[in-house]
> 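This is the structure I want to talk about, given as structure tokens.
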Amino acid sequence: MMAVTYELIKTCKQTGARLGKVHTPHGSFETPVFMPVGTLATVKTMSPDELERMGANIILSNTYHLWLRPGEDIVEEAGGLHDFMNWDGSILTDSGGFQVFSLSDLRQIEEEGVHFRNHISGEKLFLSPEKAMHIQNSLGADIMMAFDECPPYPAEYDYMKKSVERTSRWAERCLEAHKRTDRQGLFGIVQGGEYEELRRQSAKDLVSLDFPGYAIGGLSVGEPKDVMNRVLDFTTPLLPDNKPRYLMGVGSPDSLIDGSIRGIDMFDCVLPTRIARNGTCMTSNGRLVVRNAKFARDFRPIDENCDCYTCRNYSRAYIRHLVKANETFGFRLTTYHNLYFLLKLMEHVREAIREDRLGDFREEFFEQYGFNKP
Ligand SMILES: Nc1nc2c(CCNCC3CCCCC3)c3[nH]c(NCCc4ccccc4)nc3cc2c(=O)[nH]1
Ligand SMILES: [Zn+2]
């Protein structure tokens with residue numbers, strides 16, 4: 001029995017977007033969906049109860065971070081991530097590949113795996129496809145990611161070709177090493193940078209391995225948005241219609257809409273929670289830096305079009321005061337609003353797909369948010 005399955009409900013007549021549902025052992029969620037990130041087994045400053053109340057059904061955590069701290073053995077002894085963090089919705093864990101490349105220096109990539117330094121203690125470590133599978137099996141996430149290399153942007157064609165071929169060999173090794181296929185679904189990650197023939201090669205290799213879902217990796221790594229959109233235009237059609245497609249590391253409102261239009265079903269990003277912790281909020285009229293002096297006597301909510309707990313009960317003046325005083329409650333309020341804003345945005349995207357008008361929704365949203373301004 002497949003741990004993770006996808007149900008295609010309908011395709012938008014105006015765009016390539018699709019309305020779907022993903023079923024996992026910890027429940028189902030409609031797609032396109034934004035997945036809040038909880039790196040160290042917590043979505044920073046939010047309780048599981050608050051995440052549930054704001055409508056989150058799936059959150060992310062991470063192999064690399066939990067392996068280093070507290071150690072996957074402790075999480076396994078607790079009964080796995082769901083019990084450890086008291087979250088009974090779905091969980092997806094990234095494989096750690098990306099974090100090794102983005103967090104630690106002195107890394108050396110070989111066929112066997114990657115040698116690198118622990119970014120906290122400096123000790124030398126080694127992560128391989130097999131090790132990444134064992135850790136994710138111990139963590140017990142409903143969706144696991146294959147161990148891949150996400151090359152930097154830009155990367156030479158020859159380097160990228162070698163990297164794609166190795167990532168495909170690593171994907172096979174992940175399938176071999178994955179132990180709990182009845183309870184945890186393993187997604188393959190398509191690489192290939194901006195090179196169409198390499199994306200084709202990567203997708204062909206992974207689709208032939210018949211994963212229950214596919215991620216598009218190697219994007220949101222500094223390339224211009226039109227490069228990302230072009231890569232999506234020729235990559236998503238290479239993936240099977242009856243499997244979820246997850247665009248990794250994407251979480252700005254415009255990219256969520258443009259990715260959905262190009263047939264992406266799942267998104268994750270640290271953006272909303274990270275900018276919240278420095279007092280920046282996403283609103284329907286663009287970004288608002290609540291720390292700004294102009295809000296000192298502004299008693300309106302962060303976003304007058306938002307009905308979240310933060311916007312129903314607190315003013316810009318109050319939140320500015322808290323953020324300036326470095327009061328934790330202030331960051332809880334901005335985080336709650338930013339996550340609610342993106343979860344609500346995806347609800348509107350799904351509604352627009354139902355009504356075959358996602359193209360129109362994109363125009364209205366971009367206009368109001370200010371994306372079209374030159
Ligand atoms: N395997 C893998 N992961 C990738 C990730 C991590 C996705 N988030 C996981 C999440 C798990 C829990 C801990 C945190 C990470 C990416 N993130 C980005 N861009 C982020 C760009 C960005 C945007 C805003 C702020 C910071 C960074 N591109 C990515 C490409 C890949 C990739 O090819 N392979
Ligand atoms: Zn709000």
Side-chain angles (χ1 to χ4, degrees), residues 34-44 54 59-67 81 91-103 114 127 129 132 136 139 141 143-153 155 160 163-164 167 170-171 174 187-193 202 214-223 228 231 246-252 255 266-278 280-284 288 290 300-316 319 333-345:
F34 176 76
M35 306 181 285
V37 165
T39 306
L40 291 165
T42 163
V43 177
K44 289 181 173 45
M54 70 167 72
I59 60 172
L60 257 73
S61 201
N62 193 277
T63 298
Y64 173 81
H65 296 86
L66 294 171
W67 171 41
L81 257 183
I91 298 177
L92 181 151
T93 43
D94 196 0
S95 52
F98 182 80
Q99 287 70 40
V100 165
F101 301 116
S102 59
L103 285 174
V114 187
L127 198 50
Q136 291 182 85
L139 297 175
I143 300 175
M144 300 163 40
M145 301 310 294
F147 188 71
D148 63 327
E149 181 193 359
C150 173
Y153 175 83
M160 187 61 79
S163 171
V164 162
T167 286
W170 282 359
C174 287
F187 281 19
I189 305 179
V190 174
Q191 293 290 347
S202 180
Y214 295 92
I216 298 179
L219 290 175
S220 191
V221 285
E223 77 284 355
M228 174 155 79
V231 171
Y246 162 26
L247 176 56
M248 305 187 89
V250 168
S252 59
S255 298
M266 298 160 67
F267 301 87
D268 90 278
C269 197
V270 295
L271 193 73
T273 38
R274 181 167 296 178
I275 63 173
R277 290 196 301 281
N278 64 40
T280 300
C281 295
M282 296 170 169
T283 78
S284 40
L288 185 149
V290 79
R300 291 173 296 173
I302 291 284
D303 185 343
E304 297 184 281
N305 304 319
C306 181
D307 62 349
C308 83
Y309 171 72
T310 298
C311 295
R312 279 187 287 107
N313 296 292
Y314 304 94
S315 69
R316 294 168 183 186
I319 296 169
L333 290 172
T334 54
T335 300
Y336 190 101
H337 166 80
N338 280 357
L339 287 175
Y340 184 96
F341 180 83
L342 288 187
L343 292 167
K344 212 51 162 185
L345 171 61

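Start at 1 with the first residue, then count along the sequence. Whatever order the structure lists them in is the order used to number ligands and atoms, beginning at 1. The shown structure was predicted, so the numbers you read here are calculated from the model rather than taken from an experiment.
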> Looking at OG1 of T283 and CD1 of I302, how far apart are the two atoms once the value is rounded to the nearest 0.5 Å?
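That separation rounds to 8.5 Å.
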
> Quick one: does Y246 get an N or O within less than 3.5 Å of an N or O on ligand 1?
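In fact, backbone or side chain, Y246 has no N or O that close.
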
> Report the nearest protein non-hydrogen atom to atom 20 (C) of ligand 1: residue, atom name, distance rounded to 0.1 Å.
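Checked against all protein heavy atoms, atom 20 (C) of ligand 1 sits closest to G249 O, 3.5 Å.
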
> Identify, by atom number and element, the atoms of ligand 1 in contact range of R274, meaning under 4.0 Å from any of its heavy atoms.
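Contacts of ligand 1 toward R274, numbered from 1: 26 (C).
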
> Could you check whether any side-chain heavy atom of C308 comes within less than 4.5 Å of a side-chain heavy atom of M54, counting everything from C-beta outward?
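No, their side chains stay 4.5 Å or more apart.
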
> Distance under 4.0 Å to a non-hydrogen atom of N62: what atoms of ligand 1 satisfy this?
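Listed by number with element: 11 (C), 12 (C), 13 (C).
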
> Around the Zn ion (ligand 2), how many protein N, O or S atoms are there at under 2.8 Å?
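For the Zn ion (ligand 2), protein nitrogen, oxygen or sulfur atoms under 2.8 Å: 4.
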
> So Q191 and S202, side chain to side chain donor-acceptor pair (under 3.5 Å) or not? Walk me through it.
CA-CA 6 Å; Q191 293 290 347; S202 180; over 6 Å; no

> On the 0 to 90° scale, with breaks at 30° and 60°, tag the Y309-Y314 ring pair as parallel, tilted or perpendicular.
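Answer is perpendicular, since the angle exceeds 60°.
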
> When you compare the side chain of L127 with that of W67, does any pair of heavy atoms fall below 4.5 Å?
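They are in side-chain contact.
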
> Going by the atom numbers of ligand 1, which of them fall below 4.0 Å from some non-hydrogen atom of S220?
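The atoms of ligand 1 under 4.0 Å from a heavy atom of S220 are 18 (C), 19 (N), 20 (C), 21 (C), 28 (N).
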
> Which ligand 1 atoms does I189 reach within 4.0 Å, using its non-hydrogen atoms?
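Listed by number with element: 1 (N).
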
> What atoms of ligand 1 come closer than 4.0 angstrom to any heavy atom of G218?
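Near G218, meaning under 4.0 Å from one of its heavy atoms, ligand 1 has 30 (C), 32 (C), 33 (O).
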
> With distance as the sole test, does T167 use its side chain to make a donor-acceptor pair with the main-chain N or O of E149 at under 3.5 Å?
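Yes, because the side chain of T167 sits within donor-acceptor range (under 3.5 Å) of the backbone of E149.
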
> Tell me which protein heavy atom sits closest to atom 13 (C) of ligand 1, plus the residue, atom name and distance to 0.1 Å.
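Answer for atom 13 (C) of ligand 1: T39 OG1, 3.3 Å.
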
> Between CZ of R300 and SG of C311, what distance do you get to the nearest 0.5 Å?
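Answer rounded to 0.5 Å: 12.0 Å.
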
> I want to check something: taking the side chain as every heavy atom from C-beta on, are M248 and L219 in contact at a cut-off of under 4.5 Å?
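Not in contact.
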
> Answer yes or no: is there a side-chain heavy-atom contact under 4.5 Å between L139 and S61?
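Answer no - side chains too far apart.
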
> Is it the case that the side chains of D307 and Y340 hold a donor-acceptor pair, with the cut-off being a distance below 3.5 Å and no angle test?
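Note: Y340 and D307 side chains meet the donor-acceptor criterion.
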
> Rounded to the nearest 0.5 Å, what separates atom OG in S95 from atom CH2 in W170?
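S95 OG to W170 CH2: 9.5 Å, rounded to 0.5 Å.
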
> Is the closest N or O pair between S61 and ligand 1 shorter than 3.5 Å?
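Not met; the criterion fails.
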
> Can you list the atoms of ligand 1 that are under 4.0 Å from a heavy atom of G217?
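Heavy-atom distances to G217 below 4.0 Å select 32 (C), 33 (O).
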
> Can you find a pair of side-chain heavy atoms, one from I143 and one from Y246, that are under 4.5 Å apart?
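Answer no - side chains too far apart.
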
> When D303 is tested against each of R316, H337, M282 for side chain to side chain contact (heavy atoms under 4.5 Å, CB included), which residue passes?
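Only match with D303 under side chain to side chain contact (heavy atoms under 4.5 Å, CB included): H337.
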
> Indicate yes or no: does an N/O atom of H65 lie under 3.5 Å from an N/O atom of ligand 1?
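It does not: no N or O of H65 is found under 3.5 Å from an N or O of ligand 1.
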
> Below 3.5 angstrom, do we get any N/O pair linking L219 and ligand 1?
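N/O-N/O distance under 3.5 Å: yes.
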
> Show the atoms of ligand 1 that are less than 4.0 angstrom away from any heavy atom in V270.
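Result: 14 (C), 25 (C), 26 (C).
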
> How long is the gap from CD1 on I59 to CG on L81, to the nearest 0.5 Å?
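Answer for the CD1-CG pair, I59 versus L81, is 8.0 Å.
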
> Measuring from non-hydrogen atoms of Q99 to any atom of ligand 1, is the shortest distance under 4.0 Å?
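Under 4.0 Å: yes for Q99.
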
> Specify side chain, backbone, both or neither for T93, according to which of its non-hydrogen atoms lie closer than 4.0 Å to ligand 1.
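Neither; nothing of T93 gets under 4.0 Å from ligand 1.
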
> Among all protein non-hydrogen atoms, which one is nearest to atom 6 (C) of ligand 1, and what is the separation to 0.1 Å?
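Minimum-distance protein heavy atom for atom 6 (C) of ligand 1 reads D94 OD2, 3.3 Å.
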
> Can you report which non-hydrogen protein atom sits closest to atom 31 (C) of ligand 1, along with the distance?
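Its nearest protein heavy-atom neighbour is F98 CD1, 3.5 Å.
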
> Which ligand 1 atoms, with their elements, are less than 4.0 angstrom from a heavy-atom of C269?
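Every atom of ligand 1 under 4.0 Å from some heavy atom of C269: 23 (C), 24 (C).
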
> Check whether any side-chain heavy atom of L60 lies under 4.5 Å from a side-chain heavy atom of N62, and answer yes or no.
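They are not in side-chain contact.
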
> Please tell me if the side chains of V250 and M228 come closer than 4.5 Å, counting only heavy atoms from C-beta onward.
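Counting from C-beta outward, V250 and M228 do come under 4.5 Å.
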
> Tell me, which protein residue and heavy-atom name are nearest atom 34 (N) of ligand 1, and how many Å apart are they?
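So the nearest neighbour among protein heavy atoms is D148 OD2, 2.7 Å.
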
> Give the residue, atom name and distance (to 0.1 Å) of the protein heavy atom nearest atom 8 (N) of ligand 1.
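Protein heavy atom with the smallest distance to atom 8 (N) of ligand 1: D268 OD2, 2.8 Å.
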
